[in-house]
Amino acid sequence: MGGKDFRLTHLDKLYFPEPGYTKRDLLAYYLGVAEFILPFLKDRPLVLHRFPNGAAGESFYQKDIGEGAPEWVHTFVIPSESSGRDTRYYVCDDLATLLHLVNLGCIEQHPWPSRIDSLEKPDYVFFDLDPTEGYEFDTIVAVARRFLKELDAIGLRAFVKTSGSRGIHLWLPLERRYSYEQVRTFAEIVARVVHDAMPEETTLERMVDKRPKGSISLDYLQNSFGKPLATVYTARPRPSATVATPLSPA
DNA sequence: GTATGGG
DNA sequence: CCCATACAACGCGGT
DNA sequence: ACCGCG
């Protein structure tokens, strides 16, 4: 693969026991959608969420490529504010890297919403509509439509995808002119407008156990430096092996 | 998932 | 040889 | 400073 050697291991390991999908199946999936997912990974630091023993097993997040990564992988070094050390992030720019990551047990792909040539300036803002226990899917749809309506009212057209778990993500491309803080503030304003319009159906409460049952949590805080978002076509570590899927808002 | 070290 | 263990994130906001 | 959250 372009002289980029790597080894695919444990191909028969069951990654999704319920439907019976193995790591080989997951690799085949990503091979099939590579041409669609790679453009969303290009030039972005990637946060890995690894499940070496499948979707139901123990998992961990990984930012630094660590030891033993192929020498040809593209990386981007970002100083960690808290630890003071440098972190060498993966940047997945090609199929070989994508499949290498899947081999590590990286079921999900979580790129930053900013690109390495302008890290401090996100090129999209997103809204994570996350349902609480006992929700109705119709409620999420109604809340998503309200977001689209409010954004349309100020001349903005957002894109929609299923998160692949239970919720819906909306995202809006931005010129790279605004800081994370500015983008987060904008997201908060829009979320408050929607919450004021649908106070029963939505919540801005951060504490999980204080959210009204059945309400949709509007999480705008994730629009922050170093905080990634599960991207389009990424597989999710759910028992049924769901996938984040772009939707037409029609 | 992989590298390492002990039994 | 095989098993056990170590290791693999961090920013934001509320208190 | 620490904790909950994603």
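Each chain gets a letter, A, B and so on, in the order its sequence line appears, and its residues count up from 1. Please read these numbers as outputs of a predicted model, since none were measured by experiment.
For the pair D86(A) CG and dC10(C) C1', the interatomic distance rounds to 15 Å; values are reported in whole Å. F6(A) has its CZ atom 15 Å from the P atom of dG1(B), to the nearest Å. In this structure, Y15(A) atom OH and dG1(B) atom C1' are separated by 8 Å, rounded to whole Å. With rounding to whole Å, R7(A) atom CZ is found 16 Å from dA3(B) atom C1'. Rounding to whole angstrom units, NE2 of residue H100(A) and C1' of dG1(B) are separated by 10 Å. If you take OH of Y180(A) and P of dG11(C), they are 12 Å apart, rounded to a whole angstrom. Spacing between atom CG of L229(A) and atom P of dA9(C) amounts to 20 Å, rounded to whole angstrom units. Computed from coordinates, the L8(A) CG to dT2(B) C1' distance equals 15 Å when rounded to whole Å.
Using a 30° and 60° split on the angle between ring planes, F126(A) and H169(A) fall in the tilted class, from 30° to 60°. Relative ring orientation between H110(A) and H49(A) is described as perpendicular, the plane-to-plane angle rising above 60° on a 0-90° scale split at 30° and 60°. Ring pair F16(A)/Y21(A) is perpendicular by interplanar angle, where above 60° counts as perpendicular and below 30° as parallel.
If you take atom C1' in dA9(C) and the same atom in dG4(D), they sit 15 Å apart, rounded to whole Å. Taking atom P on both dG1(B) and dC10(C), the two are 23 Å apart, rounded to the nearest angstrom.
Checking dC12(C), dC10(C), dG1(B) against the side-chain heavy atoms of S80(A) singles out dC10(C) as nearest.
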Please assess R146(A) against E150(A) for the test salt bridge (charged side-chain N to carboxylate O under 4.0 Å, His left out), listing each intermediate value before the final yes or no. CA-CA 6 Å; R146(A) 188 72 195 207; E150(A) 299 294 347; 3.0 Å; yes
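In this structure, K42(A) does not pair ionically with D94(A), as no charged nitrogen and carboxylate oxygen lie closer than 4.0 Å.
Of the options T231(A), V91(A), D123(A), a side-chain contact (heavy atoms from CB on, under 4.5 Å) to R44(A) is made by D123(A) and by none of the others.
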Each nucleotide in nucleotides 1-6 of chain D should get exactly one letter: B, S or -. Can you fill that in based on protein heavy atoms under 4.0 Å? ---BSB
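E136(A) places no side-chain N or O within 3.5 Å of a backbone atom of D138(A) that could act as its donor or acceptor partner. For the pair S165(A) (side chain) and S163(A) (backbone), a donor-acceptor distance under 3.5 Å is absent.
Residues from residues 42-76 of chain A lying near DNA chain B, meaning a heavy-atom separation below 4.0 Å, are R50(A), P52(A) in numerical order.
Heavy atoms of K210(A) sit nowhere under 4.0 angstrom from any nucleic acid atom.
At dG13(C), none of the side-chain N or O atoms of Y220(A) fall inside 4.0 Å of OP1 or OP2 (strictly under the cut-off).
Between F127(A) and F147(A), a ring centre-to-centre spacing shorter than 6.0 Å is recorded.
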